[in-house]
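What follows is a single structure, written as structure tokens, with notes after it.
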Amino acid sequence: MNKAVRAMRGAAVRVLRAVRARARLGAGARGDAGMATAEYAMGLVAAVAFAVVLYKVVTSGAVSAELQSIVKRALDAKV
């Protein structure tokens with residue numbers, strides 16, 4: 001019985017060491033694994049701001065007229 005208890009204790013110690021090692025390695029790796037919610041929110045705000053600026057540029061008078069002339073020339077092109 002004493003031998004069996006020592007074997008179980010040894011197995012438990014090995015399992016605990018493995019869990020501790022995995023926790024130590026995982027803590028550092030998890031920190032850089034992905035973006036946090038605040039980073040997602042900032043990325044979304046930046047994307048929306050870029051879309052608004054792009055929309056304003058494309059719908060401005062000069063750019064809109066140029067885009068219309070490009071489309072008109074493409075549609076009037078003889079093949």
Requested in this report: Verify the cluster assignment for Leu67 and Leu54: are they in a single hydrophobic cluster under the rule of side-chain heavy atoms below 4.5 Å apart?
Outcome: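 Yes, because Leu67 and Leu54 connect within a single hydrophobic cluster, where side-chain heavy atoms sit under 4.5 Å apart.
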Quick check for you: to the nearest 0.5 Å, what is the distance between Thr37 atom OG1 and Leu44 atom CG?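 Answer for the OG1-CG pair, Thr37 versus Leu44, is 12.0 Å.
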message: Donor-acceptor pair, distance only, cut-off 3.5 Å: does the side chain of Ser60 make one with the backbone of Val57?
response: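 Yes: the side chain of Ser60 pairs with the backbone of Val57.
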